[in-house]
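So that the names make sense, note that chain A is the first sequence line, chain B the second, and so on, each numbered from 1. These numbers come from the heavy atoms of this one structure, side chains and all, not from hydrogens, waters or symmetry mates.
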There are 2 protein chains.
Amino acid sequence: VVRTGRRRGEAGAAGTREGIAAAARAVFAERGFAEATIRAVAANARVDPALVHYYFGSKEQLFIAAMELPFDPAVVLPALLAGPREHIGERVVRFFLATWDRPEARHVLMGMMRSAVTDERAAAMLRGFIVREAIGRLVELLGVPDAELRATLVGSQVVGLAFARYIVRVEPLASAETETVVAAVAPTIQRYLTGDVSGSSPRG
Amino acid sequence: VVRTGRRRGEAGAAGTREGIAAAARAVFAERGFAEATIRAVAANARVDPALVHYYFGSKEQLFIAAMELPFDPAVVLPALLAGPREHIGERVVRFFLATWDRPEARHVLMGMMRSAVTDERAAAMLRGFIVREAIGRLVELLGVPDAELRATLVGSQVVGLAFARYIVRVEPLASAETETVVAAVAPTIQRYLTGDVSGSSPRG
């Protein structure tokens with residue numbers, strides 16, 4: 001049996017949307033993203049699985065809603081990849097900075113990073129979601145060799161940027177203008193996604 | 001009055017090396033790196049400041065010893081910057097991976113990242129040390145424009161790499177060979193340290 005660990009302010013009544021979200025958080029934390037099922041969430045919330053589908057749609061959408069993720073990779077990634085391929089690094093950095101600059105999104109993302117570094121189960125849950133929903137989609141959309149490695153390299157730079165700029169807040173990066181950060185970091189993301197990452201051709 | 005928060009296994013007796021290190025951890029946590037003084041550490045450990053100097057040397061060396069940092073930026077940074085400038089990115093990535101691949105070093109660095117994301121005081125302490133000892137030294141040694149920004153960009157990539165490879169352990173980055181990571185990430189560090197970060201010349 002999974003305890004839901006309800007937070008203050010949650011209605012918590014079985015069958016409410018928030019009651020199901022709380023049950024989902026507990027199931028994802030217990031089993032990780034890959035092993036969690038709509039059926040297990042429904043059992044934990046003591047509702048019919050159809051009600052979970054009705055409120056949230058897919059397991060991915062349930063995860064996003066329950067974790068209050070500020071964006072859905074299924075929506076964002078195709079949009080970022082849709083424009084001119086040679087400016088993809090710039091679009092990724094701009095999207096990332098705009099998201100972290102929204103206080104409520106920053107709050108959620110910081111909470112996720114905090115959980116990931118302090119709790120192995122939370123790290124595993126996040127890993128499962130990232131692998132399937134972010135890396136998996138990116139690999140499909142990009143169509144270049146080494147797409148999985150490229151996706152994780154992008155992740156390493158954007159997470160590190162969040163750490164330095166928004167969490168430890170090291171200057172001058174913490175107060176740098178958006179345009180300064182875009183100019184500095186976009187070429188990194190551009191190379192990770194579309195350039196040479198194997199060192200086989202001249203660096204750039 | 002600052003409590004020392006002694007850990008199991010520490011002798012804790014005033015005047016011992018470990019007693020002073022414990023007092024130092026408490027003073028750094030309380031005041032941050034910049035505001036902490038050898039005098040305050042000595043007072044908290046109830047010893048003469050000369051004894052603190054005798055055991056640890058400078059405040060920077062005391063911090064490194066008390067936090068069990070796996071390397072001293074005052075030693076490592078000049079060594080990394082000493083070789084051919086065009087391979088500095090590669091040397092930085094190799095040093096970074098070799099350090100994280102040592103279990104006891106990884107343990108300490110993960111502890112510091114954990115503290116920084118969960119505790120604003122720990123983040124401030126780390127920030128103070130990074131600004132003075134890592135960024136300050138790098139700026140002096142590099143002698144290029146925008147050296148502070150460059151140093152923080154390097155920090156963002158190496159911390160994010162640690163997060164993705166060693167903490168969340170996202171594949172294939174987590175299991176990638178050292179040479180694969182060096183080939184992928186060294187050009188990023190190289191550009192941050194010696195290349196164009198302002199977007200004013202063609203990307204590369």
Please determine whether the number of non-hydrogen atoms from other residues, nucleotides or ligands lying under 6.0 Å from atom [atom1] of [X] exceeds 12.
| X | atom1 | answer |
| --- | --- | --- |
| B/E104 | CD | yes |
| A/E171 | CD | yes |
| A/R39 | CZ | no |
| B/E120 | CD | yes |

Discussion item. Suppose the criterion is salt bridge (charged side-chain N to carboxylate O under 4.0 Å, His left out): which pairs have a residue in residues 69-80 of chain B, not counting sequence neighbours?
Written reply: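 Of all non-adjacent pairs touching residues 69-80 of chain B, none passes salt bridge (charged side-chain N to carboxylate O under 4.0 Å, His left out).
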Discussion item. Has A/R191 got a side-chain atom pairing as donor or acceptor with B/A184's backbone, closer than 3.5 angstrom?
Written reply: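 It does hold such a pair.
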Fill in: Under 3.5 Å: donor-acceptor pair, side chain of A/R127, backbone of B/V170
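Looks like no, no N/O pair under 3.5 Å.
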Practice prompt. Heavy-atom distances under 4.5 Å only: say whether A/V185 touches chain B with side chain, backbone, both or neither.
Written response: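 Its backbone and side chain both get close to chain B.
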Worksheet item: Who wins among B/E179, B/M113, B/R169 for the most heavy-atom pairs under 4.5 Å with chain A?
Response: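 Greatest number of close heavy-atom pairs with chain A: B/R169.
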Worksheet item: Roughly how far, to the nearest 0.5 Å, is CD1 of B/I167 from CG of A/L126?
Response: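 The CD1 atom of B/I167 is 12.0 Å from CG of A/L126, to the nearest 0.5 Å.
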Worksheet item: Any residues in residues 141-160 of chain A near chain B, with a heavy-atom distance under 4.5 Å, and which are they?
Response: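 Under the 4.5 Å heavy-atom cut-off, A/E148, A/L149, A/T152, A/L153, A/S156, A/Q157, A/V159, A/G160 qualify.
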Practice prompt. Identify which part of B/A123 has an atom lying under 4.5 Å from any heavy atom of chain A, answering side chain, backbone, both or neither.
Written response: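 For B/A123, heavy atoms of backbone and side chain both lie under 4.5 Å from chain A.
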